[in-house]
Visitor: 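Quick one: the structure is below, and I'll ask about it shortly.
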Amino acid sequence: RGEGPLRLVTHHWGYHPMKGFDVYAALDDLLARTAWHDRLSFTYIGNIPKDFAFAHARYVPPLDGTTLADELRSHHAYVTGSQNEPGGHHQNEGALCGLPLLYRNSGCMPEYCAGFGVSFEGPRDLEPALERLIAAYPRLVDAMPRYPWTAERMTREWIALFDELIAQRPAIIARRRLWRDPLAVLASQLAL
């Protein structure tokens, strides 16, 4: 690990442009530049938009399970360019494979990635973020075993939330006064 060009990887089932294809296209373009050609490689695993193609990056069709985990682990770092992601898991999967994160400062990414990678805003500041990732790489690799967002933890917390809501159900219902505004109730039942 950490030898040779920085091997970046990402994976997405979804192929919507908001998954970060502006960033992945920028990475593809960087690979054509002499300054990055011998310092960087990029692999995209998953589905891509219909009219999108990589010129320099390695494309791998969707993978799952241990095959996906093995492919992720063959890289040095994980990149996500997702915009406004409400609660993705792809960055967690990369991090739990031991890969430091290069992440867009958008949506849930700061919550899941802070302390375990380097943030960037978009394609315009991608290069300086790559330089920071390379400089911080040894420290970040050492931090990855402490990545907290495991499936076991998140499932436990999700169940605890529902248990709490169920326990509070009578109080929640008591606070509802459905008929306090009869016109609003009637309006909510009308098909517009």
Visitor: May I ask you to decide if A151's main-chain N or O and T155's side chain share a donor-acceptor pair within less than 3.5 Å?
Guide: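 Checked: pair present.
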
Visitor: Does Y15 have any side-chain contact (heavy atoms from CB on, under 4.5 Å) partners at least two apart in sequence or in another chain, and if so, which?
Guide: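 Scan of Y15 (side-chain contact (heavy atoms from CB on, under 4.5 Å), adjacent residues dropped) gives N47, P49.
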
Visitor: For Y112 together with H89, are the ring centres under 6.0 Å from each other?
Guide: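 No, they do not, as the ring centres are separated by 6.0 Å or more.
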
Visitor: So H90 and Y78, would you call those rings parallel, tilted or perpendicular, with 30° and 60° as cut-offs?
Guide: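 Rings of H90 and Y78: tilted, 30 to 60°.
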
Visitor: Not counting sequence neighbours, which residues clear salt bridge (charged side-chain N to carboxylate O under 4.0 Å, His left out) with E121? List them please.
Guide: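 None.
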
Visitor: Treating Ile, Leu, Val, Met, Phe, Trp and Tyr as nodes and any side-chain heavy-atom pair under 4.5 angstrom as an edge, say whether L68 and W13 lie in one connected cluster.
Guide: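 Not linked; separate clusters.
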
Visitor: Would you say the ring centroid of F120 lies under 6.0 angstrom from that of Y103?
Guide: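 No.
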
Visitor: Kindly say whether N84 contributes a backbone atom to a donor-acceptor pair with the side chain of S106 at under 3.5 angstrom?
Guide: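 Yes: the side chain of S106 pairs with the backbone of N84.
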
Visitor: Say whether, by atom type as modelled, one donor and one acceptor occur between the side chain of H16 and the main chain of M18 under 3.5 angstrom.
Guide: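 Checked: pair present.
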
Visitor: Classify the ring geometry of Y147 against F116: parallel below 30°, tilted from 30° to 60°, perpendicular beyond 60°.
Guide: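 Y147 and F116: perpendicular rings.
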
Visitor: Regarding R156 and the six-membered ring of W158, is the cationic atom NZ or CZ under 6.0 Å from the ring centre and inside 45° of its axis?
Guide: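 R156 over W158 ring: no.
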
Visitor: With a 3.5 Å cut-off and no angle check, do the side chains of W36 and E127 form a donor-acceptor pair?
Guide: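 Yes, because at least one side-chain N or O of W36 sits under 3.5 Å from a partner of the opposite role on E127.
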
Visitor: Assign the ring pair H12 / Y24 to parallel, tilted or perpendicular, where the plane angle (0 to 90°) is split at 30° and 60°.
Guide: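 Tilted: the ring planes of H12 and Y24 meet at 30° to 60°.
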
